[in-house]
Amino acid sequence: MSEWPLYEVFVRSKRGLNHVHVGSLHAPDDRMALLHARDVYTRRNEGVSIWVVPSSAITASSPDEKDPLFAPSGDKVYRHPTFYVLPSDVPHM
Amino acid sequence: MTTTVDEQELAARFDETVARRDRIEPRDWMPEAYRSTVIRQVAQHAHSEVIGMQPEGAWVGRAPSLRRKAILLAKVQDEAGHGLYLYSAAETLGISRQEMTQRLLTGRQKYSSIFNYPALSYADVGTIGWLVDGAAICNQVPLCRTSYGPYGRAMIRICKEESFHQRQGYELLLTMMRGTDEQRAMVQESVNRFWWPALMMFGPPDADSSNTAQSMAWGIKTHTNDELRQKFVDMSVPQAEALGVTFPDPELGWNEERGHYDFGQPDWEEFWAVVKGNGPCNTQRIAHRQRAWDDGAWVREASSAWAVRQQKEACHE
């Protein structure tokens with residue numbers, strides 16, 4: 001028998017925060033994945049909301065692409081506030 | 001030739017990442033030996049959590065009160081959860097859950113030797129929580145910073161929960177120590193049986209540990225077996241005093257010069273015998289695990305069949 005599909009689990013720990021990846025699990029279908037996620041990852045009120053996503057649905061950037069994919073932001077230092085030098089006595093900046 | 005150069009470059013990048021104590025993540029290039037070492041360690045750790053449910057699980061029905069039953073049930077459930085966190089961490093390295101289960105059942109992957117000792121009295125539930133989980137915590141806290149990212153993250157979750165395990169065990173023993181002479185004797189007898197196997201949990205002495213040096217170079221382990229064993233002894237002695245029990249080691253004593261407790265060596269021949277399959281419960285533990293796997297087959301099959309049917313019906317609508 002083949003293994004149940006793999007799901008990635010994301011938990012929102014409290015209102016106002018993002019869902020964060022906490023791990024993965026196997027389940028026969030979406031609903032069971034959600035129930036398993038509750039039992040495995042939220043036994044102590046760790047969350048107020050859970051997302052489960054089939055791992056096969058995730059497209060990931062590969063580490064080998066790291067340079068070309070992230071390089072364009074590297075040479076645009078003017079996108080950061082610290083690029084601009086202002087006199088230190090200017091308030092609220 | 002290009003592949004060799006590429007490989008060298010990748011290996012250099014891997015070494016740099018490890019050297020600056022950064023983490024290796026699942027899709028990163030890694031040496032095959034690193035991959036297999038992490039798989040071996042994480043799988044062994046996962047198996048220990050799962051097999052570790054057995055000695056205490058046997059006491060759930062016999063715990064003396066509803067409160068103690070609920071606590072023990074929660075603890076055993078945690079161990080199952082810890083096994084799952086760790087299995088999913090190992091799976092990120094390309095080994096399947098079924099493959100790991102098969103390797104456990106056929107003896108190709110190990111679990112901690114401590115779980116091959118029986119839990120003979122109810123006091124053992126307390127001692128396991130205090131000493132066995134205490135030793136596990138000593139081992140696991142540094143592993144939160146291990147070089148393989150998913151393993152470290154699983155350890156952080158586990159360590160948070162492990163503290164409840166140790167405290168419930170110690171509290172159980174404290175309660176028994178406030179009881180009758182018979183209960184106090186039961187606690188002492190239990191501690192006598194578990195002390196040496198607990199010290200063995202840290203693995204063989206550094207001189208005989210073939211994997212330690214490479215695992216430390218790769219940042220998988222951050223402390224040696226002997227360092228962690230010493231730390232555990234130093235932590236445990238004052239806890240034993242507060243509890244009112246002694247450890248069965250005539251050599252145990254404070255060494256002013258070293259600033260640590262001196263202690264005797266466990267029986268390493270016994271350790272190797274248990275690791276090789278000749279402990280008191282090895283056969284029973286694996287047979288139980290096999291039975292659970294076989295008995296659960298219909299659940300796995302039925303839920304797969306249900307999922308397929310649901311999918312078909314959804315297509316026809």
Side-chain angles (χ1 to χ4, degrees), chain A residues 1-14 17-71 74, chain B residues 6 9-10 13-14 17 24-30 73-75 77-92 95-102 149-151 153-154 156-158 160-161 163-164 293 296-311 314:
Chain A
M1 195 190 76
S2 65
E3 256 182 3
W4 289 341
L6 190 65
Y7 283 83
E8 300 301 323
V9 182
F10 299 80
V11 171
R12 183 199 294 287
S13 58
K14 59 178 187 178
L17 296 181
N18 291 324
H19 283 77
V20 172
H21 182 246
V22 293
S24 57
L25 50 77
H26 290 274
D29 58 34
D30 297 354
R31 186 171 158 66
M32 286 304 289
L34 205 52
L35 293 176
H36 286 171
R38 184 201 58 185
D39 291 346
V40 177
Y41 291 103
T42 61
R43 286 195 300 283
R44 290 181 175 76
N45 307 321
E46 286 92 341
V48 294
S49 163
I50 304 175
W51 289 346
V52 289
V53 182
S55 305
S56 58
I58 293 177
T59 308
S61 65
S62 136
D64 296 343
E65 294 165 357
K66 191 176 171 186
D67 292 332
L69 194 64
F70 297 105
Chain B
D6 281 354
E9 216 178 271
L10 290 166
R13 200 187 297 172
F14 171 87
T17 308
I24 303 299
E25 294 294 342
R27 289 163 65 94
D28 290 343
W29 183 92
M30 60 190 87
L73 205 56
K75 179 180 188 263
Q77 192 192 6
D78 272 355
E79 309 294 4
H82 295 178
L84 289 171
Y85 302 155
L86 290 160
Y87 281 132
S88 29
E91 284 177 89
T92 62
I95 186 169
S96 75
R97 181 82 56 90
Q98 276 184 355
E99 174 66 22
M100 285 185 276
T101 305
Q102 285 315 311
Y151 187 28
R153 294 192 284 274
I156 291 172
R157 304 183 70 81
I158 290 173
K160 269 188 207 163
E161 302 182 352
S163 145
F164 139 62
W293 175 254
W298 73 270
V299 180
R300 295 192 295 276
E301 285 159 19
S303 31
S304 292
W306 170 258
V308 170
R309 199 175 93 186
Q310 294 292 101
Q311 237 166 15

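Residue numbers start from 1 in every chain, and the chains themselves are labelled A, B, ... in the order their sequence lines are given, proteins ahead of strands.
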(request) Please confirm whether the backbone N or O of B:Gln98 pairs with a side-chain atom of A:Glu3, one donor and one acceptor, at under 3.5 Å? (result) yes
(request) Could you check which of A:Ala27, A:Gly23, A:Ser55, A:Ser24 has the highest count of heavy-atom pairs closer than 4.5 Å to chain B? (result) A:Ser24
(message) Do B:Trp306 and A:Pro28 have side chains that approach each other closer than 4.5 Å (heavy atoms only, starting at C-beta)?
(response) no
(request) With side chain to side chain contact (heavy atoms under 4.5 Å, CB included) as the test, would you mind laying out the steps for A:Val22 and B:Arg157 before giving the verdict? (result) CA-CA 9 Å; A:Val22 293; B:Arg157 304 183 70 81; 3.8 Å; yes
(request) Apply side chain to side chain contact (heavy atoms under 4.5 Å, CB included) to the pair A:Arg31 and B:Gln310, showing each step before the final yes or no. (result) CA-CA 11 Å; A:Arg31 186 171 158 66; B:Gln310 294 292 101; over 6 Å; no
(request) Using a heavy-atom cutoff of under 4.5 Å, enumerate the residues of residues 41-51 of chain A that contact chain B, numbered in order, or state 'none'. (result) A:Tyr41, A:Arg43, A:Arg44, A:Glu46
(request) Please round to the nearest 0.5 Å and tell me the distance separating atom CG of A:Asp29 and atom CZ of B:Arg309. (result) 12.0 Å
(request) Give, for atom OH of B:Tyr87 and atom CG of A:Leu25, the distance between the pair rounded to the nearest 0.5 Å. (result) 15.0 Å
(message) If we define contacts as heavy-atom pairs under 4.5 Å, which of B:Glu25, B:Gln77, B:Glu161 has the most with chain A?
(response) B:Glu161
(message) Report which part of B:Arg153 has an atom under 4.5 Å of a heavy atom belonging to chain A: side chain, backbone, both, or neither.
(response) neither
